Amino acid sequence: MELLRTWLGHPEDIYNLLRFKMGGYRAVMPRIDPDSLGLGLRTCYRYLNQTSRSFAAVIQALDGELRHAVCIFYLVLRALDTIEDDMTISLDVKVPMLHEFHSYLYQPDWRYMESKEKDRQVLEDFPTISMEFRNLSKVYQDVISDICHKMGVGMAEFLEKKVDSQREWDKYCHYVAGLVGIGLSRLFSASELEDPIVGQDTELANSMGLFLQKTNIIRDYLEDQLEGREFWPREVWSRYAKKLSDLAKPENIDMAVQCLNELITNALHHVPDVLTYLSRLKNQSVFNFCAIPQVMAIATLAACYNNKQVFRGVVKIRKGQAVTLMMDATNIQAVKAIMYQYVEEIYQKIPSTDPSSNKTQQIIASIRTMSLPGGPMASRHHYSPIYLSCAMLLAALSWQYLSTISKAAEEYVQAGEN
């Protein structure tokens, strides 16, 4: 049914799904030859694919030695996150491990064999990961070790602490995502693919991570509730309900949506920083790596805004829509056009009675000012009716084929969900 709705309402998505599967994905996500890697790195990329195929795809698109540094950075943080998530590890064991985890990078034999988590292989074979870490240039090692240390300390702080104020929400998101943005930015600059300012401006890099993390937290309300996790800040939700779980009750849906809209408005305040950050990038592979998750995030927020479904099930952007975003977000003018499109979509849905409506309108006005394209909006791809008709015809003749490739494409377009 999704494909049928796409044909009727968004035929350009069908065109891009076909273009993506027929080789277009190589422009944004080329693969590397595993035979060109040593045994240790080959193992690391295998773990990367096992823990997150989407991240494996975007990391492999990076240029030169930066690709390996980011791969190792991801696996080290995945190992740290696996420790934090494992509820079978007692706090008196877990807290010191989180604090000291960065030191394990320099201990060739350190491994942890007691985890029950699904990604435990990164802990059980940590010697392979730490060996490849030590094979990196010192400038990369220093960044990864420093971020790992700061993240471990932050994770330990929030183990038994709920997110109360909006300031604490920002702090939590900084520890789990902002630091990732800062670390990646420092790696970009260390590789000399990007200017030093990219790694030095930690405020912008932090906003890149916070925008993605807040989007995930907002979208995943129901999933987190079902698993006993709470990441929405009490300072906000307590104005709408006695308990965070009450927002999922049908009788509270109007208040729940108002709370949702307030949090989305909060997240939108990071968009100006995101645009400034992206405007500084010079390397195409780095730009794609950074821009794709951000445009996915703004599209997700537009889908969630004023949407009761957030409290009833899963809100996702269409696969074809995601593929279109991936293939379009390859330059700053295109990204500005995408941001403009989705904040306009949000603007059109702002209820006049919403308590946050004025603030939402104000931040959208700021984003509009930054997003107004320097050239025509056609910096994004637009197709003539004849091409769209051909795409629909091809899709109609290839129902089964497209069902298959939609699953394949999903591996590429769900970055940020893992």
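Just so you know, residue 1 is the first one in the sequence shown, and it goes up from there. Because the structure is predicted, anything quoted here is derived from the model rather than measured.
Between the N331 side chain and the A334 main chain, a donor and an acceptor come within less than 3.5 Å of each other. Judged by distance alone, with hydrogens and angles left aside, the side-chain atoms of E132 form no donor-acceptor pair with the main-chain N or O of C44 at under 3.5 Å. Between the side chain of S191 and the backbone N or O of L193 there is at least one donor-acceptor pair closer than 3.5 Å. Judged purely by atom type and a 3.5 angstrom limit, K94 uses its side chain to pair as donor or acceptor with the backbone of D86. Between the D81 side chain and the L77 main chain, no donor and acceptor come within less than 3.5 Å of each other. In this structure a side-chain-to-backbone donor-acceptor pair under 3.5 Å is missing from S207 to D273. A donor-acceptor distance shorter than 3.5 angstrom exists from the side chain of Q294 to the backbone of M208, with no hydrogens or angles considered. The backbone N or O of F231 sits less than 3.5 Å from a side-chain atom of W169, completing a donor-acceptor pair. Put simply, the side chain of S52 never gets that close to the backbone of L48: no donor and acceptor are under 3.5 Å apart. Checked by atom type and distance alone, the side chain of R134 pairs as donor or acceptor with a backbone atom of S130 at under 3.5 Å.
By the ring pair (Phe, Tyr, Trp, His ring centres under 6.0 Å) test, H102 is found to be paired with H149, residues two or more places apart in sequence or in another chain being considered. Residues passing the ring pair (Phe, Tyr, Trp, His ring centres under 6.0 Å) test with Y277: none are found, sequence neighbours excluded. D246 pairs by the salt bridge (charged side-chain N to carboxylate O under 4.0 Å, His left out) definition with K249, not counting sequence neighbours. Residues satisfying the ring pair (Phe, Tyr, Trp, His ring centres under 6.0 Å) criterion with Y106, sequence neighbours excluded, are F133.
Atom SG of C304 sits about 10.5 Å away from atom CG of N261, to the nearest 0.5 Å. Atom CG in N307 sits 8.5 Å away from atom CZ in R312 (nearest 0.5 Å). Note that the CG atom of N306 and the CG atom of D354 stand 6.5 Å from one another [nearest 0.5 Å]. To the nearest 0.5 angstrom, L275 atom CG is 5.0 Å from M370 atom CE. The distance from the CD1 atom of I59 to the CZ atom of F73 is 10.0 Å, given to the nearest 0.5 Å. Going from atom CG of L136 over to atom CE of M131 covers 11.0 Å, rounded to the nearest 0.5 Å.
Few gaps surround CD on Q107; more than 12 heavy atoms of other groups in view lie less than 6.0 Å from it. Heavy-atom contacts from other residues, nucleotides or ligands closer than 6.0 Å to CZ of R167 number 12 or fewer. In the displayed structure, E235 atom CD is contacted under 6.0 Å by more than 12 heavy atoms of other residues, nucleotides or ligands. The environment of NZ in K138 is sparse: at most 12 heavy-atom neighbours from other residues, nucleotides or ligands sit within 6.0 Å. Taking a 6.0 Å sphere around NZ of K349, one finds it holds more than 12 heavy atoms contributed by other residues, nucleotides or ligands.
Between E262 and K359, no side-chain nitrogen of the basic residue sits less than 4.0 Å from a carboxylate oxygen of the acidic one, so the salt-bridge criterion is not met. Ionic pairing of K161 and E168 is present here: one or more N-O contacts between side-chain nitrogen and carboxylate oxygen are shorter than 4.0 angstrom. A salt bridge is defined here as a Lys NZ or Arg NE, NH1 or NH2 lying under 4.0 Å from an Asp or Glu carboxylate O, and K282 with E194 fails to meet this definition.
Side-chain atoms of I217 and Q213, non-hydrogen and from C-beta on, do get closer than 4.5 Å to each other. Using a 4.5 Å cut-off on side-chain heavy atoms (C-beta onward), D119 and Y47 make no contact.
For T128 and T43, the side-chain atoms include no donor-acceptor pair closer than 3.5 Å. Between the side chains of T82 and R78, no donor-acceptor pair of N or O atoms lies under 3.5 Å. A donor and an acceptor atom, one from each side chain of N288 and S285, are nowhere located under 3.5 Å apart. H68 and Y140 are not linked by any side-chain donor-acceptor pair at a separation below 3.5 angstrom, with hydrogens and angles left out of the test.
Sequence neighbours left out, the pairs with a member in residues 200-221 that pass ring-ring contact (aromatic ring centres under 6.0 Å, His included) are Y221-W232, Y221-F311.
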Exercise. Determine, stepwise, if the pair T265 / T360 fulfils side-chain hydrogen bond (donor to acceptor under 3.5 Å, both in side chains).
Key: CA-CA 5 Å; T265 300; T360 310; 2.6 Å; yes

Practice problem: Show your reasoning for whether salt bridge (charged side-chain N to carboxylate O under 4.0 Å, His left out) applies to R280 and D201. | Solution: CA-CA 11 Å; R280 291 176 173 172; D201 196 335; 2.9 Å; yes

Quiz item: Taking it one step at a time, do R67 and D63 satisfy salt bridge (charged side-chain N to carboxylate O under 4.0 Å, His left out)?
Solution: CA-CA 6 Å; R67 177 191 305 132; D63 290 341; 5.3 Å; no

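In terms of heavy atoms, A205 sits closest to S185 at CB-OG, 3.3 Å. Closest of all the heavy-atom pairs between L301 and I218 is CD2-CD1, 4.2 Å. What you find for D142 and R186 is that their closest heavy atoms are O-NH2, 4.5 Å.
Remark: R120 is not positioned above the aromatic ring of Y112, lacking an NZ or CZ atom under 6.0 angstrom from the ring centre and at most 45 degrees off the axis.
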Under 3.5 Å, which donor-acceptor pairs do the side chains of residues 172-180 form with other protein atoms, sequence neighbours left out?
residue, atom, partner, partner atom, Å
H174, ND1, N206, OD1, 2.7
Y175, OH, E157, OE1, 3.3

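Taking the six-membered ring where the residue is Trp, F101 and F126 present perpendicular rings, their angle passing 60° and hence far from 30°.
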